[in-house]
Amino acid sequence: MTEDLRAAALEAITRSHAPADPDYPVVHLAPPIGRLNDPNGLLVDSGTYHAFYQFSPFHPHRKLVYWGHASSRDLLHWTHHDPAIIPDSFYDRSGAYSGGAVVLEGDEPHAAPAEAPYQFFYTGNLKDPVTDERTASQCLVTSTDLEHFDKWPDNPLLPGHPAGYTAHYRDPQVWRDPDEPGSFRMLLGVQRENLTGAALLYRSSDLLSWQLEGELTFPDAGGAFDHFGYMWECPGLVRLTDELTGQVRDVLIWCPQGITPDAEGYENIFPCVYTVGHLVGTELRECDGTFAEVDRGFEFYAPQAFARRPSEPGPVLLTGWAGNASEDDQPSIETGGWVHALTVPRALTLRGGRLLQRPVTTLSDDAAVLTLAGEELPAGVPIPALEGHRAWQLRLEAASEADRWGLRIGDADCYITVELVRAADGAMQLSVDRSHSRYTQHGATRTVTLPAGTPPRLEVLHDRSVTEVFVGDGEIAFTLRSFVAPYATGANLLVDVGVQVKANVVVYD
Ligand code: FRU
């Protein structure tokens with residue numbers, strides 16, 4: 001008899017004690033049991049947000065990847081649902097890998113498969129048990145109610161990689177072509193036969209039959225992305241209007257594995273970068289070849305934007321995996337049988353070609369405001385409004401010139417620090433140090449030079465063992481796992497004597 005993988009996952013979830021773990025986050029989506037990696041199929045549906053994610057319920061004993069599912073009305077409190085995609089078909093039995101969603105309008109003229117408004121595209125991963133040879137195919141799952149999920153009977157839609165590429169062919173993102181009504185496009189990460197990374201574009205008018213258009217090219221980039229790593233994972237395109245120029249831009253966000261740029265940053269095993277241009281056909285025109293890391297923290301990868309139906313427009317919201325490959329060695333595996341989380345969604349804007357990210361969870365104006373103007377202010381002042389809390393968001397603004405200011409989170413022995421520090425050349429830097437925490441394995445200290453003119457503002461969302469830091473207007477985002485003392489509450493200000501700091505606070509637990 002074939003194994004009932006749905007029942008096995010549900011049984012593992014029932015036995016889970018993960019949410020009782022002191023490190024289990026309050027407002028970050030974490031797996032009910034086992035391992036989570038990439039966000040998948042993110043969508044907005046009449047004001048409810050649905051997040052699917054790479055889910056391995058039997059980790060670390062068995063790496064079998066499902067699509068987990070959770071929903072939220074406020075992007076802070078998540079309700080878990082049963083897994084949506086079970087890897088029990090001949091084409092996905094080694095894993096239902098990453099992909100995205102499209103939400104169709106009721107009256108959209110497309111021949112929507114099964115007339116279901118929710119369409120999910122994912123990669124079926126198959127490894128030959130004898131040869132270990134990989135086959136990757138692109139598959140469809142549909143839903144009419146976001147409770148039941150049906151694999152398309154004629155899966156896979158795209159049974160294998162085209163000539164010129166290897167079986168590293170995955171992570172479909174599908175979207176309506178804004179320039180050609182009635183047409184959908186698919187972007188996929190691939191590896192060329194010469195072992196360099198690239199992205200492929202496909203086109204469809206019915207979401208079932210897909211025509212290969214070709215590789216995404218960069219005609220104005222001077223060859224910058226022609227040999228850019230050995231594989232591109234999770235490519236996605238988002239359209240934004242640049243606040244400064246008013247131009248409509250297409251921002252490519254992707255994870256090129258194996259790059260070693262000659263620039264500050266890129267310390268993580270795999271990076272996530274973006275570049276800006278204007279998509280015409282398969283060409284990302286007016287992209288000059290410059291790129292930057294999306295998030296400068298120790299843990300960030302494979303982000304995805306929420307899909308929307310045209311009648312429900314809103315800001316572009318991006319959520320990433322607050323993790324990276326080869327980082328399953330976290331304390332929560334021992335204490336709660338779970339590992340990794342997603343970031344809180346960020347609203348994206350573009351200003352002069354630079355991506356700005358702000359957490360969607362905003363601080364209300366009537367949140368507690370604290371002004372410290374101490375001539376004698378000692379280092380390490382507790383912030384009263386945070387006392388007793390382990391999940392909170394805080395915006396700090398230095399009202400006067402300060403050469404070093406920030407926060408210590410945790411207790412006196414087991415903590416992280418997040419500070420803005422003036423370097424010898426006068427530039428301000430974000431300095432993050434987790435060397436005194438319980439998780440230091442994949443980077444303990446990191447310094448990030450802020451772009452000139454970044455406002456002296458630190459926004460920190462700390463949630464038990466996950467911390468997201470945003471500097472200025474979101475010029476820098478920095479995500480890290482912060483395993484401080486398990487029950488430590490609050491945070492202490494670290495400020496130079498005489499510096500005025502204004503703090504605006506909201507607590508989540
Ligand atoms: C990125 C990734 C994707 C793949 C998925 C498998 O983290 O490797 O390319 O679809 O994870 O879990």
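What you see is a predicted model; the values in this text were computed from it and never measured. Starting from 1, each residue takes its place in the sequence as its number. Just so you know, ligand 1 is whichever comes first in the structure, and atom 1 is the first atom listed for that ligand.
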- [ ] Step through it carefully: locate the ring centre of His50, locate the ring centre of His69, and say whether they are under 6.0 Å apart.
- [x] yes
Open item on the list: Is a donor from one side chain sitting under 3.5 angstrom from an acceptor on the other, for Gln138 and Tyr97?
Closed with: no
Task: Pairing residues for Tyr169 by the ring-ring contact (aromatic ring centres under 6.0 Å, His included) criterion, not counting sequence neighbours - done: none
Task: Listed partners of Phe470 passing ring-ring contact (aromatic ring centres under 6.0 Å, His included), at least two apart - done: none
Open item on the list: Tyr301: which residues meet the ring-ring contact (aromatic ring centres under 6.0 Å, His included) condition with it, sequence neighbours left out?
Closed with: none
Open item on the list: Any side-chain to backbone donor/acceptor pair from Gln173 onto Leu237? Under 3.5 Å, distance only.
Closed with: yes
For ligand 1, list every N/O pair with the protein closer than 3.5 Å, one pair per line with the distance.
residue  : atom   : partner : partner atom : Å
ligand 1 : 7 (O)  : Asp38   : OD1          : 2.7
ligand 1 : 7 (O)  : Asp38   : OD2          : 3.3
ligand 1 : 8 (O)  : Glu233  : OE2          : 2.8
ligand 1 : 9 (O)  : Arg170  : NE           : 2.8
ligand 1 : 9 (O)  : Asp171  : OD1          : 3.4
ligand 1 : 9 (O)  : Asp171  : OD2          : 2.7
ligand 1 : 9 (O)  : Glu233  : OE2          : 2.9
ligand 1 : 10 (O) : Ser98   : N            : 3.1
ligand 1 : 10 (O) : Asp171  : OD1          : 2.5
ligand 1 : 11 (O) : Asn37   : ND2          : 3.3
ligand 1 : 11 (O) : Asp38   : OD2          : 3.1
ligand 1 : 12 (O) : Asn37   : ND2          : 3.0
ligand 1 : 12 (O) : Gln54   : OE1          : 2.6

